[in-house]
Structures are given as C-alpha cells and as structure tokens.
Amino acid sequence: GGIITQTPKFLIGQEGQKLTLKCQQNFNHDTMYWYRQDSGKGLRLIYYSITENDLQKGDLSEGYDASREKKSSFSLTVTSAQKNEMAVFLCASSIEGWGLGGSEQFFGPGTRLTVL
Amino acid sequence: QQKVQQSPESLIVPEGGMASLNCTSSDRNVDYFWWYRQHSGKSPKMLMSIFSNGEKEEGRFTVHLNKASLHTSLHIRDSQPSDSALYLCAASGNNYAQGLTFGLGTRVSVFP
C-alpha cells in the first residue's frame, strides 16, 4: 500500500497572491494529477505529469503552474488567487502505461483553499 | 457542456432500498468507465470500474456498461446509511495517462 500527503490542509490567501500546494506519494507511481473540486461537485483536471519533469495541461490549466521535480512529488501553483475563490484541490497518482488508458487513481486528502 | 453527464443530481433512498445512478459520456474516444465514491469531507475512492459491455457485480453494487451508447449505470441494493455519499462517474480513453474526466456527481442520501 501507499499514501498520498498534501500540504497544507487549509490555505488562506489574499487576492492576487501566488500560492503553492504540495503533494507527495510513496506508491512509486509514475503519473500524478491535480484536480479542482468546487462545492462538492465533480473534479476538473488542472495538470498531470507522466514522469519526473513532465507536465501536461488539463482542461483547467489557465491560472495555474505545476512542477514535477521528483517522481514522488508534484506541486501546483495558483499564479494569482481570485477574490472569494473557494475550492478543494485534490492530488492523485496512478500506474500508467501505453494502451492501459485507465488505471485506478488514488487521491490525497485535499487542500482547501479560501481567498479573502 | 459536460462531457460526462450524470443523473439524477441527487437521490433519496430508504434504508434497504435500491439506488440507481446513471452516467453517459459524449466523447466517443472513451474506453473505460469508473465509479468513485466520496464521503463528505473525504477524498474520492474507487468503487468499481468497467471496461467491457455487460454487467459486473461486487457485493451489493452492480455496474452495467453499454459501450455503443457510452452509458453506464450503478445500482446499490439493500442501501445502508453508510452508502450516503457523492458518487462520481469518470471516463478515460485508451491514451497514455490522460487523467479521468469526471461528471458532476450524484448525491445519494440513505435514510433509516
């Protein structure tokens, strides 16, 4: 088994601020993902990374940057926080490979962002 | 428009009853369907996956898939209060590590 940890658990920022969220996994999974979840609704893919130093944009990448400097860690930066923004950011990881298309994604506990 | 549509938005089920949830993808490149369950304040956890036409049963949970119509359904029989959660349907294609496309979810409430 393994675990995904996300820090911080709660993040309060000011409008226009640059904010960084961190994710670590010890599954030894190749692929890592960042999703955003608003108001207990569905998840939207922000960025994913299939290996160290790789970055792929999801549907919601505008306004975000990401960094995968090690296989075990994946960071997400909100480049300019929007006033009154509230969302949960979920990190996930999975084993992937050509032709597999889908393998189970394991999720971290989330970072809850509030922008004042 | 949402590529993965789920219905209904919410469902109230008596304890011991049957809950039926639906999910359809509008992306014809989809090959795999997943059902995740998310309890309040927790992260999503995979419940079941289905990749081939037909039916798959695990305990009280049954999923169906019709690949021609890109429709999947999840049925929970003998529903328990612990089944109260947000159920998320997700779909993926046969490409390398592209992530999942999630629907907005169906919120199931089971009352005693």
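As a basis for the values below, the full set of heavy atoms in this structure was taken, side chains included, without hydrogen atoms, waters or symmetry mates. A note on names: the letters A, B, ... follow the listed sequences, proteins ahead of strands, and every chain is numbered from 1.
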For the [atom1] atom on [X], are there more than 12 heavy atoms of other groups (residues, nucleotides or ligands in this structure) within a distance under 6.0 Å?
| X | atom1 | value |
| --- | --- | --- |
| A:Ile3 | CD1 | no |
| A:Met86 | CE | no |
| B:Ile12 | CD1 | no |
| A:Asp59 | CG | no |

Spacing of [atom1] belonging to [X] relative to [atom2] belonging to [Y], to within rounding of 0.5 Å:
| X | Y | atom1 | atom2 | value |
| --- | --- | --- | --- | --- |
| A:Tyr35 | B:Phe102 | OH | CZ | 5.0 Å |
| B:Leu100 | A:Leu45 | CG | CG | 8.5 Å |
| A:Lys41 | B:Gln38 | NZ | CD | 12.0 Å |
| A:Gln105 | B:Ser43 | CD | OG | 12.5 Å |
| B:Leu86 | A:Gln37 | CG | CD | 6.5 Å |

Any residue meeting ring pair (Phe, Tyr, Trp, His ring centres under 6.0 Å) with A:Tyr47, in chain and number order, not counting sequence neighbours: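 By the ring pair (Phe, Tyr, Trp, His ring centres under 6.0 Å) rule, A:Tyr47 matches no residue at all.
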Please name all residues satisfying ring pair (Phe, Tyr, Trp, His ring centres under 6.0 Å) with A:His29, sequence neighbours left out, ordered by chain then number.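 A:His29 satisfies ring pair (Phe, Tyr, Trp, His ring centres under 6.0 Å) with A:Phe27, A:Phe106 once adjacent residues are dropped.
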Structural part of B:Glu9 lying under 4.5 Å from a heavy atom of chain A: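 Just the side chain, heavy atoms under 4.5 Å.
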Taking side chain as C-beta onward, heavy atoms only, is B:Met46 less than 4.5 Å from A:Phe107?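 Answer no - side chains too far apart.
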For A:Leu43, which atoms come within 4.5 Å of any heavy atom of chain B: side chain, backbone, both, or neither?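 Interface part for A:Leu43: both.
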